[in-house]
Amino acid sequence: MQAETQPSLYLRLRKRIGIRPGEQVTLGHAARLFSSDAALEKRLASLVLHRHSQKDGNRVVIDLLQIVKLIKDAAPGTLIDSYGDPQVLVIVADAPRKPRMIILITTWLLLFFGSGLAIMNFHTDVAMKEVHSRITELVTGVKAEHPLWFQVPYSFGIGVGMLIFFNHLFRKRFNEEPNPLEVELYMYEENVNAYVIADEMRKKSEAESKPGLKEPRAGIDDG
């Protein structure tokens, strides 16, 4: 009967959050919360988990055990149920800078002409011109060195195929399905997050295992 009167708190840590240098991380920022006690949920949402300092660098890992300890100190007797990842990665950075137009235009031109050369080199390697001439001869019975009626639609088809493949026309999406580039970027970000968390936790374990070193590494488990 006593357990039924104890307030319960359900939390799900976010995978990655961002703060500016010198700011602090609260529980409401690092996790999604739900409690049977609305007042307790509001109070714990403002619980400070970490205060960033310059020595922490631009990445901080906050562990679930650290969060549980802070919650128990702030609200003894609270029943805590956690879901999701056991750590949250905090990225420390200033406000995003506006892109430089010169660099943007230069990069766009390099990608445009580079991809065009790649396509032309591919067609040269597979003798695409001879293939088009042979297909034209099989269809019409007349051999043409430059079958433009076939090559021009084929060229437009490459562009249309690329638009469909990447599911984008400037900022317009054709449907909600993610394109292969977005999937690769997502997988890359997930792998980077996993590596950073594992590396930070390894450094923390090494720091705690050194004799005479009682406090953990700053920025990882310092509350």
Side-chain angles (χ1 to χ4, degrees), residues 12-21 30 32 56-62 83-203:
R12 180 188 295 275
L13 292 182
R14 307 180 192 275
K15 293 184 178 181
R16 178 172 176 168
I17 61 174
I19 62 172
R20 294 185 178 182
R32 298 178 60 186
D56 295 334
N58 59 356
R59 288 183 177 88
V60 178
V61 175
I62 302 178
Y83 303 91
D85 298 323
Q87 294 95 15
V88 56
L89 177 62
V90 182
I91 303 298
V92 183
D94 292 318
R97 295 179 299 179
K98 295 182 179 180
R100 299 179 181 178
M101 294 304 299
I102 296 178
I103 297 179
L104 180 63
I105 294 175
T106 302
T107 304
W108 185 88
L109 291 175
L110 288 174
L111 292 175
F112 178 80
F113 288 106
S115 59
L117 288 173
I119 293 175
M120 288 188 291
N121 290 333
F122 167 77
H123 284 90
T124 301
D125 291 339
V126 299
M128 187 63 70
K129 179 181 177 182
E130 289 76 9
V131 172
H132 288 175
S133 298
R134 181 57 178 164
I135 293 176
T136 303
E137 184 179 3
L138 292 174
V139 174
T140 63
V142 178
K143 185 175 181 179
E145 184 177 358
H146 301 288
L148 297 180
W149 67 271
F150 186 81
Q151 292 177 337
V152 172
Y154 172 81
S155 300
F156 281 104
I158 292 178
V160 174
M162 295 298 290
L163 291 177
I164 296 175
F165 181 77
F166 287 105
N167 193 24
H168 264 88
L169 178 60
F170 298 105
R171 294 186 178 182
K172 179 178 177 56
R173 298 175 65 96
F174 302 125
N175 53 60
E176 296 300 323
E177 182 179 354
N179 61 57
L181 182 59
E182 292 174 333
V183 174
E184 288 298 324
L185 289 175
Y186 172 79
M187 295 301 299
Y188 171 77
E189 184 175 307
E190 288 292 307
N191 291 333
V192 170
N193 292 347
Y195 173 81
V196 171
I197 291 175
D199 185 61
E200 292 291 338
M201 297 305 294
R202 176 185 60 81
K203 293 178 181 178

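In this chain, numbering begins with 1 at the start of the sequence shown. Because only heavy atoms are used, hydrogens play no part in the values below, and waters and symmetry mates are left out as well, while side chains stay in.
- A side chain to side chain donor-acceptor pair (under 3.5 Å) check over residues 122-135, counting only residues at least two apart or in different chains, returns the pairs H123-Y154, R134-E137.
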Donor-acceptor contacts under 3.5 Å from residues 112-119 side chains, at least two apart:
| from | atom 1 | to | atom 2 | distance (Å) |
| --- | --- | --- | --- | --- |
| S115 | OG | L111 | O | 2.8 |
| S115 | OG | F112 | O | 2.9 |

Can you give the donor-acceptor pairs under 3.5 Å from side chains of residues 88-96 to other protein atoms, not counting sequence neighbours?
none

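- For I164, the side chain to side chain contact (heavy atoms under 4.5 Å, CB included) test picks out V160, with sequence neighbours left out.
- Applying the side chain to side chain contact (heavy atoms under 4.5 Å, CB included) rule to R14 yields the partners I17, R32; only residues at least two apart in sequence or on another chain are considered.
- Annotation: salt bridge (Lys or Arg N to Asp or Glu O under 4.0 Å) contacts of E190 (sequence neighbours excluded): K15.
- When all heavy atoms of T136 and F150 are compared, the pair lying nearest together is OG1-CB, 4.2 Å.
- Applying the side chain to side chain donor-acceptor pair (under 3.5 Å) rule to N193 yields the partners R16; only residues at least two apart in sequence or on another chain are considered.
- Side-chain N or O atoms of E200 include none that pairs as donor or acceptor with a backbone N or O of I197 at under 3.5 Å.
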Extract all donor-acceptor atom pairs below 3.5 Å that involve side chains of residues 101-109 and protein atoms in other chains or at least two apart in sequence.
| from | atom 1 | to | atom 2 | distance (Å) |
| --- | --- | --- | --- | --- |
| T106 | OG1 | I102 | O | 2.7 |
| T107 | OG1 | I103 | O | 2.8 |

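- In this structure R202 satisfies the side chain to side chain donor-acceptor pair (under 3.5 Å) test together with D199, E206, sequence neighbours excluded.
- Considering only residues two or more places apart in sequence or on other chains, S155 meets the side chain to side chain contact (heavy atoms under 4.5 Å, CB included) condition with none of them.
- Listed by chain and residue number, F122, M128 satisfy the side chain to side chain contact (heavy atoms under 4.5 Å, CB included) test with V126 (two or more places apart in sequence, or in another chain).
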If you apply the rule side-chain contact (heavy atoms from CB on, under 4.5 Å), what do you find for T140 with W149, and how did you get there? CA-CA 12 Å; T140 63; W149 67 271; 4.0 Å; yes
